[in-house]
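Working notes for the structure below.
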Amino acid sequence: MSVVCDDEVVKRWEREQASLRQRVVEEDTEAWQRCPRFSTLERVGGVDLSFIKGDEVNACAQLVVLSYPDLEVLYEDSQMVRLTAPYVAGFLAFRETPFLLEALRRLERDRPQLLPQVVLVDGNGLFHYREFGLACHLGVLSGIPCVGVAKNLLQVQGVTKSEEHQSQISALLLKGGDSFPLTATSGRVLGKALRSSDTSSKPVYVSVGHRISLDSAVRLTHSCCRYRVPEPIRQTRTFSALDPPLDCAVLLSFSHLCSCSPHCT
DNA sequence: GCGACAG
DNA sequence: ATCTTGTCGC
């Protein structure tokens, strides 16, 4: 909630974004991306951080890997972490990326054969104030193709939640897979609004993270959706009763009890 | 001053 | 991000 931040830090972050940004690859680089139904794609990852209500510092970093196209869980990793950076709009990556990279490194160390061929990231990629959102940041630092999928529209570069945007949603997004471009004032297409399933009228906002084209990113996102939020990201919040990384499950499901206790820090 | 602000 | 209650519909 707090957008209190240090000017010096933000300046440094801006420089780092400008520098890393040059390493983003906005095109398809993988053979599977060119296949009609992504026929040689086998594993899709999803990452996210979860918080408990009043706590800005402690979070649960999660990585799941699903089979493709069946979307069954192949791997799940949950780790309690202590965040150092605050949330500042436009600089989400500095808060979350270190822990997502750690999770990818653990996977590479323990089960390298399960490394995902692409990761769906909760947040934006190129659709960002300086065209370098979380999905680009994680993509560049990991080298893995990444796609940004945001649940809310970020109003940047002339893209707004206007009446026009609302009417585009109702006029153009008639069925799952329908999409329309999010075009900056400059004329550059930064992402697409996607109706991710037939039953959800509220779109998700897809943008390129790294090493994938926008069209592939949209097609892939749609093909990973059973509900509005793509499965790899959605599964990140699902704690299986079996195979339990219980640290997080217990903490999250009993957080309502915890918050009543005066002795709970 | 007012509104906007991914997660 | 997270909380919260019910309500409507298949």
Side-chain angles (χ1 to χ4, degrees), chain A residues 1-5 10 13-14 17 21 46-63 78 80-101 103 119-139 146-162 165 182 184-185 190-194 196-209 217 221 226-230 232-234 236-239 248-249 251-260 264:
Chain A
M1 207 119 295
S2 61
V3 187
V4 185
C5 49
V10 168
W13 283 352
E14 276 182 355
Q17 286 181 331
R21 179 185 155 178
V47 289
D48 187 34
L49 260 61
S50 310
F51 296 81
I52 57 177
K53 67 173 178 186
D55 196 334
E56 289 275 290
V57 172
N58 296 294
C60 185
Q62 304 221 81
L63 165 64
S78 303
M80 288 304 300
V81 297
R82 285 185 81 81
L83 303 193
T84 52
Y87 170 66
V88 182
F91 301 94
L92 182 62
F94 294 93
R95 181 165 164 80
E96 301 199 346
T97 292
F99 307 101
L100 303 180
L101 280 170
V119 177
L120 302 192
V121 179
D122 202 338
N124 293 300
L126 288 182
F127 184 54
H128 177 269
Y129 302 91
R130 291 162 298 278
E131 298 176 19
F132 194 73
L134 175 60
C136 298
H137 208 119
L138 184 66
C146 284
V147 174
V149 183
K151 297 183 290 297
N152 293 292
L153 180 69
L154 185 60
Q155 302 194 120
V156 289
Q157 301 201 34
V159 178
T160 61
K161 293 178 198 164
S162 55
H165 181 73
L182 304 165
T185 313
L190 299 180
K192 286 191 174 184
L194 167 71
S196 50
S197 79
D198 287 335
T199 53
S200 67
S201 55
K202 184 177 178 179
V204 295
Y205 299 94
V206 179
S207 57
V208 169
T221 302
R226 286 214 248 268
Y227 307 102
R228 178 174 173 267
V229 174
I233 293 175
R234 204 179 73 89
T236 247
R237 296 160 193 229
T238 305
F239 297 95
C248 296
L251 222 159
L252 290 172
S253 34
F254 292 98
S255 59
H256 58 295
L257 299 179
C258 234
S259 63
C260 301
C264 189

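Just so we're on the same page: letters track the sequence lines, and every chain starts at 1.
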Between [atom2] on [N] and [atom1] on [X], what's the gap in Å once rounded to a whole number?
| X | N | atom1 | atom2 | value |
| --- | --- | --- | --- | --- |
| A:Asn152 | B:dA4 | CG | P | 14 Å |
| A:Leu154 | B:dG7 | CG | C1' | 11 Å |
| A:Leu100 | C:dA1 | CG | P | 14 Å |
| A:Leu92 | B:dC5 | CG | P | 15 Å |
| A:Lys151 | C:dA1 | NZ | P | 4 Å |
| A:Met80 | C:dA1 | CE | C1' | 13 Å |
| A:Arg95 | C:dT2 | CZ | P | 11 Å |
| A:Phe51 | B:dA6 | CZ | C1' | 12 Å |

(message) Are A:Arg226 and A:Ser197 packed together at the side-chain level, in the sense that at least one heavy-atom pair is separated by less than 4.5 angstrom?
(response) no
Taking any heavy-atom pair under 4.0 Å as a contact, classify [X]: base, sugar-phosphate, or nothing.
| X | value |
| --- | --- |
| A:Asn124 | base |
| A:Gly90 | base |
| A:Tyr129 | sugar-phosphate |

(request) Flag as yes if A:Tyr87 stacks onto the base of B:dG7 (centroids under 5.5 Å, planes under 30°), otherwise no. (result)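 Here A:Tyr87 meets both the 5.5 Å and the 30° conditions.
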(request) Using a cut-off of strictly less than 4.0 Å, decide whether A:Lys53 has a side-chain nitrogen or oxygen near OP1 or OP2 of C:dA1. (result)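 So the side chain of A:Lys53 is outside the cut-off, no N or O lying under 4.0 Å from OP1 or OP2 of C:dA1.
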(request) Would you tell me if any nitrogen or oxygen in the side chain of A:Lys161 comes within less than 4.0 Å of OP1 or OP2 on B:dC5? (result)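 Checking A:Lys161 against B:dC5: at least one side-chain N or O falls below 4.0 Å of OP1 or OP2.
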(message) Can you identify which nucleotide, out of B:dA6, C:dT2, B:dC5, has its nearest atom closest to the A:Leu134 side chain?
(response)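 Of the candidates, B:dA6 comes closest.
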(message) Given B:dC5, C:dT2, B:dA6, identify the nucleotide with an atom nearest to the side chain of A:Arg237.
(response)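 The closest nucleotide is C:dT2.
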(request) Would you tell me whether A:Gln157 and A:Glu131 have side-chain atoms, one donor and one acceptor, within less than 3.5 Å of each other? (result)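 Distance-only check passes for A:Gln157 and A:Glu131.
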(message) Quick test of your reading of the model: are A:Asp122 and A:Arg234 salt-bridged, counting only N-O distances below 4.0 Å?
(response) no
(request) Kindly assign one of parallel, tilted or perpendicular to the pair A:Phe94 and A:Trp13, based on the angle between their ring planes and the thresholds 30° and 60°. (result)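 Parallel: the ring planes of A:Phe94 and A:Trp13 meet at under 30°.
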(request) Search all heavy atoms of A:Leu154 against all heavy atoms of A:His128 and return the closest pair with its distance. (result) CD2-CA, 4.3 Å
